[in-house]
Amino acid sequence: MATIISGKAAAFAQPNVDTDVIMPKRFLKTITREGLADGTFADLRFTESGEKRPEFVLNSADWRDASILVVGDNFGCGSSREHAVWGLRQLGVDAIIGTDFGGIFYDNARKNGLALLIVSKAVRNKLLAFAGDLETLQFNIDIAAKTIKAATQIFEFEMGQTCQTALIEGKDETFDTLKLAHKIRAFESANPNATRLIVNK
Amino acid sequence: MTARTLYDKLVDAHKVCDLPGGDLLVYVDFHIMNEYTSPQAFSGLEAKGLKVWRPGAHLSVVDHVNGTRRREGPDEASKLLISNLTKNCDKHDIALYGLGDPRQGIEHVVVPEQGLVAPGMLIACGDSHTTTYGAYGALGFGIGTSEVEHVLASQTLRYQRLKSMRVIVDGGTAPGVTAKDIIMQVIKTVGAGAANGYAVEFAGSTITAQDMAGRMTICNMAVELGARAALIAADALTEAACRNKAHSGSHRFSVSDWTSDADASFDREVVINGADISPLVSWGTSPDQTLPIGSNLPSEVDMATPAAKQALTRSLGYMGLHEGQPLKGLQIDMAFIGSCTNSRIEDLRAAAKILAGRKIADGVTALIVPGSTATRIRAEAEGLDKIFSTAGFEWRPESGCSMCLAMNDDVAMDGERVASSTNRNFEGRQGRGARTHLMSPAMVAAAAIAGHITDVRDFAEKEG
Ligand code: SF4
């Protein structure tokens with residue numbers, strides 16, 4: 001995973017875009033993580049008969065290959081489905097810039113190399129305008145420096161250290177945690193209540 | 001010692017160790033899985049050659065995709081999800097409440113019913129409505145599939161401590177106002193997503209006056225605020241609710257340990273007057289687009305910003321409504337009572353009270369899906385099934401999420417308007433193009449009888 005993400009940004013200002021909209025339920029009946037690109041934003045991208053909806057930004061010739069989205073408030077709210085993040089990645093989205101994100105969606109993102117950048121409303125609105133303009137739609141994001149370069153201006157974004165490290169190093173958190181197995185066992189022996197419950201089969 | 005919130009006490013009690021960057025490793029006492037967010041976690045575990053850390057700490061249920069008319073999944077893909085979960089549970093020695101099991105049902109209805117939740121626990125589940133367990137003074141939160149894998153492998157999660165918010169609702173409420181209306185009022189007041197990054201504790205006399213079912217409804221829907229955790233302090237009612245259940249013997253707790261200290265401070269506080277709450281109905285496609293029954297829909301002129309105007313136009317367009325229109329009188333095509341928000345025995349009784357001796361309107365399709373098999377059996381013993389069927393509701397013999405997310409064959413058609421006791425009115429949630437109006441189970445019953453959205457209080461009065 002590189003620390004620099006550069007590419008075209010697309011403006012998608014609708015607020016409260018939930019994970020049902022990002023990945024409609026009919027694509028959830030799968031036991032793998034693959035094959036979700038077509039499902040991503042499916043009802044916004046396609047009509048029921050499968051035609052592309054011209055009004056959706058990622059269907060326009062100029063933004064088809066955008067890898068960065070600038071989004072409305074509370075993006076990724078709702079259901080916990082990680083399929084939403086898998087699908088966005090498979091569609092080629094590397095980063096999303098917004099004011100706030102659904103909590104589970106936020107955690108799911110870093111585990112799949114999707115960078116979520118938090119900025120103020122004023123900055124987001126500026127970036128929406130830049131992303132909507134062919135002259136200024138090329139963004140450059142530096143994860144380590146926590147900056148977005150757009151239209152020759154530099155904006156800072158917020159990101160916790162855990163997220164930053166996860167994106168830069170791309171390490172598997174499960175293996176990292178299992179290096180702490182001795183601490184987990186120590187916790188279990190010190191807290192009998194925590195291990196008392198055994199679910200009846 | 002400095003005063004601590006209930007949330008802080010719960011996090012502190014489960015801290016295994018600090019992690020670089022300020023996060024914590026927290027211990028998960030109990031973990032629940034369903035058929036659609038767990039498959040990739042099990043396959044991830046296997047691909048990495050890892051095993052389940054403590055198999056007895058997990059429960060799997062089949063609830064999201066199964067049919068409710070008959071037992072199996074409605075299609076091959078659903079059947080595959082169910083058989084895959086069965087295979088994974090067998091292989092890893094994990095308890096499964098599958099189809100046909102008398103303990104089966106919607107995960108968040110089953111867990112309290114079986115006595116699997118108690119004050120002071122940390123519970124995770126690959127489902128956002130895991131906030132429900134806060135009603136018991138337990139820390140419950142939803143996780144994604146990668147985290148499901150992490151819990152299976154290590155019984156822990158990497159956790160970032162949240163900010164804290166207290167929502168105080170005080171005073172008595174008017175007749176006809178339910179727990180559903182209380183949480184909808186909170187969401188309407190604070191805003192969808194306003195609690196992103198927060199753990200929300202509900203307090204005040206209106207909250208403590210709720211029974212456990214009501215407290216669960218409130219904590220359940222707190223995720224619609226963006227809250228990653230919702231809590232209500234444990235009290236005598238909580239303690240009583242933990243007794244005489246299948247797993248009661250597993251828990252040792254003292255309810256007084258699981259409350260916020262009197263002088264604990266919160267990052268944000270919101271106060272709501274219980275007397276200001278009326279029966280509410282959502283009119284749009286976000287759970288904060290809600291109004292008291294008797295109101296007119298908002299108009300563009302009331303919107304402060306162009307973005308708000310745009311959002312209004314989009315929601316009205318999707319919902320097939322126009323600005324300023326009265327909420328009361330909107331014709332419905334379907335009525336649905338179910339979901340982990342409102343399908344407990346108390347919810348069924350409340351709806352049955354309205355339906356008793358009445359018939360639903362012609363042209364309305366009405367479904368009732370009890371939250372669990374045990375709830376259904378209990379309701380049948382009380383004769384509630386007869387009341388629902390006589391009124392014209394379809395009493396479904398199998399339980400599950402059903403039309404809450406419409407992953408099975410209970411789906412609303414394009415353009416159909418649904419009076420629904422569920423938690424999300426998102427675009428497409430109950431079917432492509434389906435138009436959902438959230439409300440309490442009694443309000444759904446009233447709408448089904450009238451054939452349009454109406455005020456449940458008119459019905460109660462006639463009865464009186
Ligand atoms: S009933 Fe609805 S909200 Fe609850 S777990 Fe099922 S799908 Fe999710």
Side-chain angles (χ1 to χ4, degrees), chain A residues 13-16 18 20-21 24-26 28-33 43 48 72-74 77-83 85-86 100-108 111-112 160-162 164-165 172-175 177-178 180-181 183-184 186-188 191-201, chain B residues 16-17 21-23 25 27 29-30 36-37 39-40 43 48 50 54 56-59 65 77-78 80-81 84 95 116 126-128 142-147 149-150 153-156 158 160 192-193 196-197 226 228 246-247 250-252 286 307 311 314 405-407 424 426-429 432:
Chain A
Q14 201 177 310
N16 303 318
D18 61 87
D20 280 68
V21 166
K25 60 190 144 271
R26 58 187 182 280
L28 303 179
K29 291 187 178 178
T30 169
I31 59 170
T32 71
R33 296 174 185 233
D43 294 341
E48 197 139 4
D73 297 345
N74 198 27
C77 59
S79 148
S80 66
R81 60 188 71 165
E82 198 164 316
H83 310 66
V85 173
W86 300 331
D100 62 337
F101 296 93
I104 307 175
F105 179 79
Y106 189 83
D107 286 350
N108 289 340
K111 311 225 170 192
N112 295 282
Q161 197 187 317
T162 306
Q164 212 183 8
T165 316
D172 188 294
E173 292 185 354
T174 308
F175 283 122
T177 298
L178 287 173
L180 303 167
K183 294 202 175 170
I184 303 171
F187 178 91
E188 287 181 328
N191 294 276
N193 267 348
T195 51
R196 208 184 292 273
L197 177 66
I198 295 167
V199 184
N200 295 342
K201 286 221 197 142
Chain B
V16 173
C17 60
D23 287 2
L25 192 65
Y27 193 80
D29 299 318
F30 174 49
Y36 98 93
T37 60
Q40 299 84 352
S43 46
K48 291 172 192 170
L50 298 171
R54 190 160 74 82
H58 308 267
L59 168 67
V65 305
S78 302
L80 174 63
L81 286 175
N84 182 66
L116 287 158
D127 186 277
S128 58
I143 55 178
T145 301
S146 297
E147 290 186 318
E149 178 191 309
H150 193 279
S154 70
Q155 207 55 42
T156 64
R158 294 177 163 247
Q160 186 181 11
N196 277 335
R228 194 71 190 280
H247 290 85
S250 312
H251 309 294
R252 304 269 186 284
S286 170
R314 182 173 177 100
L405 91 166
M407 254 178 107
R424 287 184 174 145
F426 298 156
E427 286 184 20
R429 173 81 176 179
R432 197 171 174 149

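Per chain, numbering begins at 1; letters A, B, ... match sequence-line order.
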Examine whether an atom of A:Ala13 lies under 4.5 Å from a heavy atom of chain B, and if so say whether it belongs to the side chain, the backbone or both; otherwise answer neither.
neither

Which of A:Val85, A:Thr165, A:Asp107 touches chain B most, by non-hydrogen pairs under 4.5 Å:
A:Asp107

Sort A:Pro24 into side chain, backbone, both or neither according to what part of it lies under 4.5 angstrom from a heavy atom of chain B.
neither

Could you look at A:Leu178 and say if it's the side chain, the backbone, both or neither that has a heavy atom under 4.5 Å from chain B?
side chain

Using modelled atom types and a 3.5 Å cut-off, is there a donor and acceptor pairing between side-chain atoms of A:Lys29 and backbone atoms of B:Leu80?
no

A:Thr32 versus chain B, the contacting section by heavy-atom distance below 4.5 Å:
backbone

Given a strict heavy-atom distance threshold of 4.5 Å, which part of A:Gln14 is in contact with chain B: side chain, backbone, both, or neither?
side chain

Is B:Leu81 close to A:Leu28 at the side-chain level, that is, under 4.5 Å between some pair of heavy atoms?
no

Among B:Asp29, B:Val16, B:Asn196, B:Leu50, which residue forms the greatest number of heavy-atom pairs with chain A at distances under 4.5 Å?
B:Asn196

Considering only heavy atoms, which portion of A:Phe175 lies under 4.5 Å from any heavy atom of chain B: side chain, backbone, both, or neither?
side chain

Is the backbone N or O of B:Ser146 less than 3.5 Å from a side-chain atom of A:Glu82, with the two atoms forming a donor-acceptor pair by type?
yes

Test log, rule side chain to side chain contact (heavy atoms under 4.5 Å, CB included), inputs B:Thr156 and A:Lys183:
CA-CA 11 Å; B:Thr156 64; A:Lys183 294 202 175 170; over 6 Å; no

For a quick test of reading the model, state the closest non-hydrogen atom pair linking B:Ser250 to A:Arg196 and the distance between them.
O-CD, 2.8 Å

Identify the two heavy atoms, one from B:Phe426 and one from A:Gly78, that lie closest to each other, and give their separation to 0.1 Å.
CE1-CA, 3.9 Å

Give the intermediate values and the outcome of side chain to side chain contact (heavy atoms under 4.5 Å, CB included) for residues A:Ser79 and B:Arg424.
CA-CA 10 Å; A:Ser79 148; B:Arg424 287 184 174 145; 3.7 Å; yes

Is the shortest distance from a Lys or Arg side-chain nitrogen in B:Arg429 or A:Asp18 to a carboxylate oxygen in the other one below 4.0 Å?
no

Which atoms form the tightest heavy-atom contact between B:Ala57 and A:Val199, and what is the distance?
C-CG2, 4.4 Å

Tell me, for A:Glu48 versus chain B, whether the close heavy atoms (under 4.5 Å) come from the side chain, the backbone, both or neither.
both

With a 4.5 Å cut-off on heavy-atom pairs, point out which of A:Gly160, A:Ala186, A:Gly103 contacts chain B the most.
A:Gly103

Which atom of A:Asn193 lies closest to which atom of B:Arg252, heavy atoms considered:
ND2-O, 3.1 Å

Highest number of heavy-atom pairs under 4.5 Å with chain B: which of A:Thr177, A:Asp100, A:Ile198?
A:Thr177

Can you say whether A:Ala181 sits under 4.5 Å from chain B via the side chain, the backbone, both, or neither, judging by heavy atoms?
both

To the nearest 0.5 angstrom, please state how far the CZ atom of A:Arg81 sits from the CG atom of B:Asp127.
9.5 Å

Residue part contacting chain B, namely of A:Thr195, when any heavy atom lies under 4.5 Å
both

Taking side chain as everything from C-beta outward and backbone as N, CA, C, O, which of these in A:Asn16 sits under 4.5 Å from a heavy atom of chain B? Side chain, backbone, both or neither.
side chain

For A:Asn108 and B:Thr145, which heavy atoms make the closest approach, and how far apart are they?
OD1-N, 4.4 Å

Under 4.5 Å from any heavy atom of chain A - which part of B:Ala406
both

In terms of heavy-atom pairs under 4.5 Å, which option from B:Ser128, B:Pro39, B:Cys17 contacts chain A the most?
B:Ser128

For A:Asp43 and B:Glu427, what are the C-alpha separation, side-chain angles and deciding distance, and is it a side chain to side chain contact (heavy atoms under 4.5 Å, CB included)?
CA-CA 9 Å; A:Asp43 294 341; B:Glu427 286 184 20; over 6 Å; no

Hey, does the side chain of B:His247 reach the backbone of A:Asn200 with a donor-acceptor pair shorter than 3.5 angstrom?
yes

Side chains of B:Tyr36 and A:Lys25: does their closest heavy-atom pair fall under 4.5 Å?
no

Look up atom CD1 in A:Ile184 and atom OG in B:Ser154, then write down how far apart they are to the nearest 0.5 Å.
5.0 Å

Could you tell me which portion of B:Leu25 (side chain, backbone, both or neither) has an atom closer than 4.5 angstrom to a non-hydrogen atom of chain A?
side chain

Less than 4.5 Å apart, any side-chain heavy atom of B:Gln160 and any of A:Thr162?
no

Which answer fits A:Asp73, side chain, backbone, both or neither, if we ask what part of it has an atom under 4.5 Å from a heavy atom of chain B?
neither

How close do A:Leu197 and B:His251 get, heavy atom to heavy atom, and via which atoms?
CD1-CE1, 4.2 Å

Out of B:Ala192, B:Gly197, B:Ala311, which one racks up the most heavy-atom pairs below 4.5 Å with chain A?
B:Ala192

